[in-house]
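Proteins get letters first, then strands, A, B, ... in listed order; numbering begins at 1 in each. Remember, predicted model here, so these are calculated numbers, not experimental data.
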Protein chains: 2
Amino acid sequence: MSNDTNTITKRERDCVICLKENSSSGFPMRLHQVAALMNIKAPTALNLIRRLERKNLVEIQDGMAMLTKKGEETVIRILLVHRTYESLLCQSGVPKETACEEVAEVDYLMSEDNARLVLKKIGSPEKCPHGKPIPMEELH
Amino acid sequence: MSNDTNTITKRERDCVICLKENSSSGFPMRLHQVAALMNIKAPTALNLIRRLERKNLVEIQDGMAMLTKKGEETVIRILLVHRTYESLLCQSGVPKETACEEVAEVDYLMSEDNARLVLKKIGSPEKCPHGKPIPMEELH
DNA sequence: AATATCATTAGTATATACCTAACATATGAG
DNA sequence: CTCATATGTTAGGTATATACTAATGATATT
């Protein structure tokens, strides 16, 4: 077996986050934009996005990339985990940016369910240290 | 550049942990034992251990593998991080084994410094949920 | 001496992640 | 309408990590 459509890599994670944060109101993104934002060359970006397409997280049409429903869900899950552990680290005394960087390395590997329990334990903050909302009901 | 001797991969992480937990009192381990414990074939294990050798984490002699000083330090750092976040998850209501599995995917990617701050925040427990000590002074 | 055990070499394969060079195509400027 | 630019895409290449099998070497045990 090899086509593991349920796990993603760090770069794939970065890419779906990039797609989410830079496509205004669900509008697709140009490939060269993804490449520029991710600091990679166009063919590398195309390759990456094609892998995401195989995993049903992204749709490509006329050189434009857009998250699928599954892709959107994946991003929201990652963001919930990200903002939860980011909040935990900041509450513990870790600087905001340090926390963000570290959590970005692991958020896509951790479960939403566990994050929800941790979120509760740290007092259910409604916003992450950057002031962004910690998603809850959007998920189910 | 490519020879990144400061970061390790998941399998390399698993390997140094295996070496630590199965070599009684600093005694080196046979390669076939490492292979068996990690569920991989001997040549794969040899390859892995050679990578760790290049990173100065392991020494090989006569088909025996042993952690170097740097390797020991790496393991202790990983275990501190592991047991800290494992404790956090369990305190939050995550079952012990679930916590252990999830944390094993990320412990080698997270910093000791941040873990120490989290450890303090969750009440500086002296033992992880499995009853193993959370290393402190051994580190510096 | 034969056998079993282990390490090692060599060769193959896949996935990820990056690149350059070349080509295709559309669009806007002149 | 043509030229230049922007963009996407192909093709081909490199490197690392992770795995395998098959064959060979080396060392012990019986």
Side-chain angles (χ1 to χ4, degrees), chain A residues 1-19 22-23 27-66 71 74 78 104-109, chain B residues 1-19 22-23 27-66 71 74 78 104-109:
Chain A
M1 304 301 120
S2 51
N3 272 341
D4 189 344
T5 57
N6 289 314
T7 61
I8 60 175
T9 66
K10 177 56 164 50
R11 292 310 259 159
E12 286 166 3
R13 176 261 184 213
D14 290 343
C15 192
V16 291
I17 297 288
C18 174
L19 246 20
N22 297 93
S23 59
F27 214 74
M29 261 178 98
R30 304 245 55 138
L31 290 190
H32 79 272
Q33 233 185 324
V34 175
L37 286 164
M38 292 188 69
N39 270 302
I40 56 182
K41 301 299 172 188
T44 306
L46 182 58
N47 211 292
L48 178 55
I49 283 182
R50 288 227 176 109
R51 277 210 313 278
L52 288 170
E53 202 183 24
R54 260 183 271 132
K55 296 183 182 185
N56 297 312
L57 299 174
V58 166
E59 259 182 292
I60 311 182
Q61 256 177 35
D62 308 312
M64 319 268 274
M66 202 168 69
T74 299
I78 292 172
E105 298 295 321
V106 300
D107 51 17
Y108 67 103
L109 296 168
Chain B
M1 304 304 116
S2 52
N3 271 341
D4 191 344
T5 58
N6 290 313
T7 61
I8 60 175
T9 65
K10 178 56 164 49
R11 292 312 258 161
E12 288 166 3
R13 176 260 183 215
D14 290 343
C15 191
V16 290
I17 295 288
C18 173
L19 246 21
N22 297 93
S23 58
F27 213 74
M29 263 179 96
R30 303 244 57 136
L31 290 189
H32 77 272
Q33 232 184 324
V34 176
L37 286 164
M38 292 188 68
N39 271 301
I40 56 183
K41 302 299 172 189
T44 306
L46 181 58
N47 210 295
L48 179 54
I49 282 182
R50 288 224 176 112
R51 276 208 315 278
L52 288 169
E53 204 184 23
R54 261 183 270 133
K55 296 183 182 183
N56 298 310
L57 298 174
V58 166
E59 260 182 293
I60 311 180
Q61 254 175 37
D62 309 313
M64 319 267 274
M66 202 169 67
T74 299
I78 292 172
E105 299 293 322
V106 301
D107 52 18
Y108 67 104
L109 297 169

Q. dT8(C) P sits how many Å from Gln61(B) CD, rounded?
A. 12 Å
I'd like a list of close polar pairs between nucleotides 17-23 of chain C and the protein, N/O only, cut-off under 3.5 Å.
unit_1  : atom_1 : unit_2   : atom_2 : d
dA17(C) : OP1    : Thr9(A)  : OG1    : 3.2
dA17(C) : OP2    : Thr9(A)  : OG1    : 2.8
dA17(C) : OP2    : Arg51(A) : NH2    : 2.3
dC18(C) : OP1    : Arg11(A) : NE     : 3.4
dC18(C) : OP2    : Arg11(A) : NE     : 2.7
dC19(C) : OP2    : Lys41(A) : N      : 3.0
dC19(C) : OP2    : Thr44(A) : OG1    : 2.9

Q. Roughly, in whole Å, what's the span from CZ in Arg50(B) to P in dA19(D)?
A. 17 Å
Q | Under the side chain to side chain donor-acceptor pair (under 3.5 Å) test, residues paired with Glu12(A) that sit two or more places apart | A | Arg51(A), Lys55(A)
Q: Report yes if the side chains of Arg50(A) and Leu46(A) come closer than 4.5 Å at any heavy-atom pair, otherwise no.
A: yes
Q) Rounded to the nearest Å, what distance is computed from the CZ atom of residue Arg30(A) to the C1' atom of nucleotide dA6(D)? A) 10 Å
Q) So, does Arg11(B) use its side chain to make a donor-acceptor pair with the main chain of Met38(B) at under 3.5 Å? A) yes
Q | Between dT5(C) (P) and Met64(B) (CE): distance, integer Å | A | 18 Å
Q. His32(A) NE2 to dA6(D) P: how many Å, rounded?
A. 10 Å
Q: May I ask you to say what Leu46(A) touches in the nucleic acid, namely base, sugar-phosphate or nothing, with a heavy-atom cut-off under 4.0 Å?
A: base
Q.
Please identify which of these residues, Leu57(B), Leu37(B), Val34(B), Asp14(B), meets the side-chain contact (heavy atoms from CB on, under 4.5 Å) condition with Leu19(B).
A. Val34(B)
Q: Would you indicate whether the side-chain heavy atoms of Gln61(A) and Met66(A) approach each other to under 4.5 Å?
A: no
Q | Rounded distance (Å) that lies between atom C1' of dT27(D) and atom CG of Asp62(B) | A | 11 Å
Q | Heavy-atom pair with the smallest gap, counting every atom of Met29(B) and Ser23(B) | A | CG-CB, 4.1 Å
Q: Using atom NZ of Lys55(A) as one end and atom P of dA15(C) as the other, report the distance to the nearest whole Å.
A: 10 Å
